Protein chains: 2
Amino acid sequence: MNLKELATNLGLSPTTVSRALNGYPEVNEATRERVMAAAKRHRYLPNTRAIRLATGRAMTVGHVIPIATKHEIVNPVFADFIAGAGETYSRNGYDMVLSVVPDDQETQAYRDLQSRGTVDGIIVHAPRLDDPRIELLNDIGLPFVVHGRATGTKAPYSWLDVNNRRAFLRATEFLLDLGHRRIGLINGLEYMDFAIRRRSGYVDALSARGIQPDPALMFSDEMTEGRGYRAALQMLNQRDKPTAFLVSSMISALGVRRALDELGLKLGRDMSIIIHDDELSYLRNGDDVPIYTATRSSVREAGRQTAEMVLDLIANPSKPPQTRLLEAELIIGQSTGPAPNRI
Amino acid sequence: MNLKELATNLGLSPTTVSRALNGYPEVNEATRERVMAAAKRHRYLPNTRAIRLATGRAMTVGHVIPIATKHEIVNPVFADFIAGAGETYSRNGYDMVLSVVPDDQETQAYRDLQSRGTVDGIIVHAPRLDDPRIELLNDIGLPFVVHGRATGTKAPYSWLDVNNRRAFLRATEFLLDLGHRRIGLINGLEYMDFAIRRRSGYVDALSARGIQPDPALMFSDEMTEGRGYRAALQMLNQRDKPTAFLVSSMISALGVRRALDELGLKLGRDMSIIIHDDELSYLRNGDDVPIYTATRSSVREAGRQTAEMVLDLIANPSKPPQTRLLEAELIIGQSTGPAPNRI
DNA sequence: CCAAGCTTCCAAAACGGTTTCAATCGAACG
DNA sequence: CGTTCGATTGAAACCGTTTTGGAAGCTTGG
């Protein structure tokens, strides 16, 4: 059943039927109702392919998911972000297309999406230091919002980010207040922008108290269980061990905990840990009482809001770039305690 | 730059240009090269919206992600499956659209995708007992492949599944061979089909050795860290404790391990654990040596293959339903050992 | 009673490609 | 030398909507 059939069926022209269904004012209220009823009766739904061609809008937002060609890691945060963004799209009648591409073909993927008119806008994931994608997207003029920021990029662009620096600054201060002086940082890869900002918060908090950051206490790697385990083990085997860890993700923290268990160290007593908690739906930080002391910010909510921003940008292309900075909460859990007395 | 412009630019008709670019044989090799060169020079890419309308194909596969309205859980396995499927789509010039919908609007979502012509086929996630979606999709005649199976559905349909029953049967036998007699099952929600099959494997293995399955040793819940923790703790506080656990996911196992740690039980010595390992990219079962003894099957690979099946179905709509059963490997890790002697 | 102005509808032209059907041109054939 | 055939190209229809530019009929005001 298409518009033309429905129209002849009703003894009307396609024009009128289209207008009736789309709520144009110039159609008689009686005919509108007749049309609406017939549409419902025949289960008529307009063909999206035709609408998109006729209106010139794709009613679609793209997400490009680069697959690192070396280590094929899917960002664990990704699923929840997508779920949040997807909610927003559904509510607004938009579709979401995911492009999974090898990371060395990413720029081509953006160009394609633009010139083929597959999407009206996109969301950029996992920005890096001096990320070249931002300039590219500004050039080709496709509306976009970055989830995160890209240190080093001077051109203006829209983004939504968590205040990573401030979160880790506060977390470090919290540990310092508890008497910790040697605090290990188990961070994500430091070409990722969020990791850079978290380190800067950590370093600044230490410096502010006159503590010289120790490179031996700063790790940066993929945020997997295995790497967390390795990092923790390595730091705990040093002569001058840390008494606390600041861990960039719940997943890495799982590995850290495994290391502590192996060494017989009790969480919160022998060793304090603060993690960053993205509130992943399948990896809650405790059901009621938080397990870990954590800097917390829902990535699902970030997805919802970033999607709203991109839809707004699509609707108002002349708007200047929008930005939104979310603050992370500092949640006190059972994984932190006063620094053990050193001998 | 569109086809018409490119054509006038070349002094050719749109027809010829279209044919040249799409590799039709009836165009002169010299003109074809001229056209190709011009297309590249002008960075011409055909508009997908127009192609889709003209050809009547959406070149798109849909994935409907139901969001449980009560507990908003995103399946952790989802990201890796999508990544695998996405690889296949990219390779074949297909797009992937994700529809995130409240689970009570799911059937409407399928109908919409079909009658609006947004997709050529879909992949059905997380099938349940007597899943009504299968009948619906057969009715509306949209090509689809189910990731998993739906016990109770008699109509034929295409699916790709892991042999969950066999995997858990073998795992249980493995534990029995090690002398374990009381084995706890920490399973997913048992309206999910895979969970039903896993339990049936577990129960059958026990029964085959004359062991009566004990309801007090069978748990079924969402596969989160928290629920795994709770289930393990509860079973370990019984009078007649289990000596081994069979755990349906890596994530639940994290909680189980936390429970063991709290109780001071050592993995592999005091307590054996076998998990099911989907090979999530961010939660590897050890980097080199497996940590857990596990039934292993890559969900990423499942995504790749399921996508191939759906594309095949789209290309050959008359084909009868295809099915593919993947066997899980049994990987021996460090989490299993002989049953401790009972007193 | 006529012109102007609403209200309501429709025919036809987009949108940017693909595809059907037909035409042209040289070469080959009889 | 006329006919046939293959190779190559193009005109026009089509895909299913939206949207532009009228147009008919009715009302209203002078």
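Protein chains get the first letters and strands the later ones, always in sequence-line order, with residue 1 at the start of each. Since the model is a prediction, treat every value here as computed from it, not as a measurement.
Toward the 5′ end of DNA chain D lies the nearest nucleotide of B:Asn28, the other residue of the pair B:Asn28 and B:Ala50 mapping further downstream.
A donor atom on one side chain and an acceptor atom on the other are not found under 3.5 Å apart for B:Tyr110 and B:Gln114.
Between B:Tyr44 and C:dG16 there is no side-chain polar atom (N or O) within less than 4.0 angstrom of OP1 or OP2. Taking only side-chain nitrogens and oxygens, A:Asn47 never comes nearer than 4.0 Å to OP1 or OP2 of D:dT17.
No donor-acceptor pair under 3.5 Å is formed between the side chain of A:Thr323 and the backbone N or O of A:Trp159. Formation of a donor-acceptor pair under 3.5 Å by the A:Ser115 side chain with backbone atoms of A:Arg111 is found in this model. Side chain of B:Asp278 to backbone of B:Leu280: no donor-acceptor contact under 3.5 angstrom is found.
The interatomic distance linking A:Leu53 (CG) with C:dA13 (P) rounds to 17 Å, in whole Å. Taking atom CE of A:Met59 as the reference point, atom P of D:dG16 lies 20 Å away to the nearest angstrom. Between the CG atom of B:Asn2 and the C1' atom of C:dG16 there is a distance of 6 Å, given to the nearest Å. Atoms CD (B:Glu29) and P (D:dT8) sit 9 Å apart, rounded to a whole Å.
At least one side-chain heavy atom of A:Leu313 sits less than 4.5 Å from a side-chain heavy atom of A:Ser158. Considering only heavy atoms from C-beta on, B:Ile134 stays 4.5 Å or farther from B:Val124 through its side chain.
Across all strands shown, B:Ile51 has heavy atoms under 4.0 Å from sugar-phosphate atoms exclusively, and none from any base.
DNA chain C is contacted by B:Thr15, B:Ser18, B:Arg19, B:Asn22, B:Tyr24 of residues 7-26 of chain B, taking any non-hydrogen atom closer than 4.0 Å. A heavy-atom distance below 4.0 Å to DNA chain D is reached by these residues of residues 30-43 of chain B, ordered by number: B:Thr31.
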Side-chain donor/acceptor pairs under 3.5 Å, residues 55-64 of chain A, sequence neighbours excluded:
{"residue": "A:Thr55", "atom": "OG1", "partner": "A:Ile51", "partner atom": "O", "Å": "2.8"}
{"residue": "A:Thr55", "atom": "OG1", "partner": "A:Arg57", "partner atom": "N", "Å": "3.2"}
{"residue": "A:Thr60", "atom": "OG1", "partner": "A:Ala58", "partner atom": "O", "Å": "2.7"}
{"residue": "A:His63", "atom": "ND1", "partner": "A:His125", "partner atom": "NE2", "Å": "2.9"}
{"residue": "A:His63", "atom": "NE2", "partner": "A:Tyr89", "partner atom": "OH", "Å": "3.0"}

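B:Thr153 contributes atom OG1, which lies 8.0 Å from atom CG of B:Leu129 (distance to the nearest 0.5 angstrom).
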